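Please read the structure below before turning to the comments.
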Amino acid sequence: VPRFELMQAFQNKTNPLSTVPDDTVIAAEYFAISGKEEVLITTPRSNTVWLNKYWGIDTTKSTISVSVFMQRTKLSYLEVIDLLMAKFVNNPGINKSVIVRSQDSLDTNNQFINNLTPKKFNLFHLFIPLWRKTGWKMWELDLLLRNHLIGKNLITGKTLISLKLF
């Protein structure tokens with residue numbers, strides 16, 4: 001029996017305002033998200049000092065080489081392209097980030113992602129670990145997060161609950 005099902009079966013609901021374990025913890029368990037990962041995934045960070053420490057780079061710079069980004073995110077080149085196509089993290093109406101490269105170079109050291117901001121790095125840090133845990137394709141998670149009934153353009157505990165129910 002999966003652990004999340006046991007948690008649901010034995011959930012103490014005597015006080016509906018304070019169930020133990022709460023629905024967010026059960027949803028996190030459903031996706032095999034630990035308590036620390038849940039905090040990481042559901043806590044937006046606007047503090048550039050925190051973002052710089054998390055990413056190991058200066059997140060206030062508007063460009064980053066694709067090779068460094070791939071190294072920091074542990075994404076393949078195709079996954080980076082998929083990530084940049086996800087509107088949740090890269091709204092096309094607000095300084096869309098794209099890969100800029102010369103026509104004659106395939107070297108990722110000579111390719112750059114432009115129009116980056118601390119806000120985008122924050123969204124990347126929320127989206128990528130959640131995507132890894134769900135097993136869905138990035139475009140699928142992107143659609144669910146942007147849906148007004150499921151994610152509402154946020155990643156919160158309530159979002160995890162909605163994603164579990166989906």
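All values derive from a computational prediction rather than experimental measurement.
- Ile94 and Val89 end up in different hydrophobic clusters when Ile, Leu, Val, Met, Phe, Trp and Tyr side chains are linked at under 4.5 Å.
- With sequence neighbours excluded, no residue forms a ring-ring contact (aromatic ring centres under 6.0 Å, His included) with Phe112.
- Under the 3.5 Å distance criterion, the side-chain polar atoms of Asn52 are matched with a main-chain donor or acceptor of Thr59.
- Within the 4.5 Å cutoff, the side chain of Lys87 has heavy atoms near those of the Pro92 side chain.
- No more than 12 heavy atoms of other residues, nucleotides or ligands lie within 6.0 Å of CE in Met85, so this atom counts as exposed by the packing criterion.
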Could you list the donor-acceptor pairs under 3.5 angstrom formed by side chains in residues 155-164, with sequence neighbours left out?
| unit_1 | atom_1 | unit_2 | atom_2 | d |
| --- | --- | --- | --- | --- |
| Thr156 | OG1 | Lys158 | N | 3.3 |
| Thr156 | OG1 | Thr159 | N | 3.2 |
| Thr156 | OG1 | Thr159 | OG1 | 3.2 |
| Thr159 | OG1 | Leu154 | O | 3.0 |
| Thr159 | OG1 | Thr156 | N | 3.1 |
| Ser162 | OG | Lys158 | O | 3.2 |

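- Using a 4.5 Å cut-off between side-chain heavy atoms of Ile, Leu, Val, Met, Phe, Trp and Tyr, Val100 falls into a hydrophobic cluster with Val98.
- Around the CZ atom of Phe88, the shell of radius 6.0 Å holds more than 12 heavy atoms that belong to other residues, nucleotides or ligands.
- Cation-pi geometry between Arg45 and Trp50 is satisfied (NZ or CZ under 6.0 Å from the ring centre, within 45° of the ring normal).
- No side-chain donor-acceptor contact under 3.5 Å links Ser97 and Asn114.
- Under the 6.0 Å cut-off for aromatic ring centres, Phe121 and Tyr54 do not qualify, their centroids lying 6.0 Å or more apart.
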Sequence neighbours excluded and cut-off under 3.5 Å, please list the side-chain donor-acceptor pairs for residues 5-12, or say none.
| unit_1 | atom_1 | unit_2 | atom_2 | d |
| --- | --- | --- | --- | --- |
| Gln11 | NE2 | Thr19 | OG1 | 3.3 |
| Gln11 | NE2 | Pro21 | O | 2.6 |
| Gln11 | NE2 | Asp23 | OD1 | 3.0 |
| Asn12 | OD1 | Thr14 | N | 3.0 |
| Asn12 | OD1 | Thr14 | OG1 | 2.8 |

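- Between the OG atom of Ser62 and the CG atom of Leu116 there is a distance of 7.0 Å, given to the nearest 0.5 Å.
- A donor-acceptor contact shorter than 3.5 Å is absent between the side chain of Arg146 and the backbone of Asn153.
- A donor-acceptor pair under 3.5 Å is absent between the side-chain atoms of Asn122 and the main chain of Ser46, judged by distance alone.
- Under the 3.5 Å distance criterion, the side-chain polar atoms of Lys133 are matched with a main-chain donor or acceptor of Ala32.
- Under the side-chain contact (heavy atoms from CB on, under 4.5 Å) criterion, Ser76 pairs with Leu78, Glu79, not counting sequence neighbours.
- Under the side-chain contact (heavy atoms from CB on, under 4.5 Å) rule, Arg101 has a single partner from Asn110, Leu106, Val66, which is Leu106.
- In the model, Asn115 has no side-chain atom that pairs as donor or acceptor with a side-chain atom of Lys96 under 3.5 Å.
- By the salt bridge (charged side-chain N to carboxylate O under 4.0 Å, His left out) test, Arg3 is found to be paired with Glu29, residues two or more places apart in sequence or in another chain being considered.
- Between Leu130 and Ile33 there is a side-chain heavy-atom pair separated by less than 4.5 Å.
- Counting only distance, with no hydrogens or angles, the side chain of Glu37 and the backbone of Ser34 share a donor-acceptor pair below 3.5 Å.
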